[in-house]
Amino acid sequence: MRAVTWGLSLLLIAGAGRALAADAENGETLAKRWCTSCHVVSDQQRKGTDMAPSFAAIASQANFNEEKLAFFLLEPHPKMSNMALSRDETKDLAAYIAQQKHHH
């Protein structure tokens with residue numbers, strides 16, 4: 001019985017760790033819902049606007065910082081005043097943007 005309890009405890013700890021990590025897959029969903037009208041959010045997207053940098057360009061900036069980007073996304077976004085993301089959503093979106101560096 002003790003081994004079962006110990007194994008269950010490890011599973012719960014592992015699950016809790018995952019819950020705290022940013023979810024780039026959810027970030028992709030958010031990007032496709034909120035960001036594609038201005039930004040090119042993936043290498044599958046063909047057009048955005050000339051006014052907004054692609055996510056790959058953002059991620060490739062020398063001073064790119066995922067945590068600072070997540071914090072920035074909590075503020076009202078220019079031209080997107082109706083975009084209100086939770087703290088977790090901004091972390092997810094920033095994690096997704098960070099992955100786009102490889103697609104530049």
Side-chain angles (χ1 to χ4, degrees):
M1 187 67 181
R2 181 174 281 161
V4 171
T5 303
W6 185 75
L8 184 59
S9 295
L10 284 180
L11 284 174
L12 290 172
I13 290 167
R18 272 197 305 276
L20 298 175
D23 180 354
E25 199 170 301
N26 185 50
E28 180 179 13
T29 301
L30 293 167
K32 289 179 177 175
R33 179 182 310 147
W34 291 105
C35 310
T36 55
S37 61
C38 296
H39 296 275
V40 173
V41 303
S42 73
D43 56 357
Q44 283 86 41
Q45 185 183 345
R46 296 294 168 237
K47 64 175 185 150
T49 69
D50 294 336
M51 302 294 287
S54 70
F55 281 7
I58 293 168
S60 297
Q61 292 175 352
N63 64 344
F64 177 80
N65 179 295
E66 194 173 317
E67 289 180 24
K68 286 182 182 176
L69 178 60
F71 187 74
F72 168 78
L73 291 169
L74 286 171
E75 299 296 317
H77 199 64
K79 311 227 189 273
M80 295 274 315
S81 58
N82 62 339
M83 185 180 84
L85 300 173
S86 71
R87 189 173 296 272
D88 285 341
E89 287 172 330
T90 64
K91 288 178 184 177
D92 294 349
L93 188 53
Y96 174 71
I97 293 171
Q99 288 182 343
Q100 298 312 299
K101 182 175 184 176
H102 307 294
H103 301 288
H104 188 58

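When a residue number appears, it is its place in the shown sequence, counting from 1.
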Worksheet item: With no hydrogens and no angle check, is any side-chain donor or acceptor of Tyr96 less than 3.5 Å from a backbone partner on Lys91?
Response: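 Absent.
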Item to complete: Return yes if some donor-acceptor pair links the side-chain N/O of Asp92 with the main-chain N/O of Asp23 below 3.5 Å, else return no.
Response: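 Side chain of Asp92 to backbone of Asp23, a donor-acceptor pair under 3.5 Å: yes, one is there.
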Is the closest side-chain heavy-atom distance between [X] and [Y] below 4.5 Å?
X: Val40; Y: Pro53; value: no
X: Leu69; Y: Leu73; value: yes
X: Leu30; Y: Arg33; value: yes

Item to complete: Could you give me the CA-CA distance, side-chain angles and deciding distance for Phe64 and Ile58, then say whether side-chain contact (heavy atoms from CB on, under 4.5 Å) is met?
Response: CA-CA 7 Å; Phe64 177 80; Ile58 293 168; 4.2 Å; yes
Discussion item. What verdict does the side-chain contact (heavy atoms from CB on, under 4.5 Å) test give for Phe71 and Lys68, after you've listed the backbone C-alpha separation in whole Å, the side-chain angles of each residue and the deciding distance to 0.1 Å?
Written reply: CA-CA 5 Å; Phe71 187 74; Lys68 286 182 182 176; 5.6 Å; no
If I compare all heavy atoms of [X] with all of [Y], which pair ends up nearest, and what's the gap?
X: Ala98; Y: Glu66; result: CB-OE1, 3.4 Å
X: Gln99; Y: Ala24; result: NE2-CB, 3.5 Å
X: Ala56; Y: Gln100; result: CB-O, 3.5 Å

Practice prompt. Check the angle between the aromatic planes of Phe55 and His39 and answer parallel, tilted or perpendicular using the 30° and 60° thresholds.
Written response: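 Tilted: the ring planes of Phe55 and His39 meet at 30° to 60°.
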Discussion item. Is there a continuous path of hydrophobic side-chain contacts, each under 4.5 Å between heavy atoms, that joins Leu74 to Leu93?
Written reply: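 No, no single cluster joins them.
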Discussion item. If I take atom CD1 from residue Ile97 and atom SG from residue Cys35, how far apart are they, to the nearest 0.5 angstrom?
Written reply: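 Interatomic distance, Ile97 CD1 to Cys35 SG, rounded to 0.5 Å: 6.5 Å.
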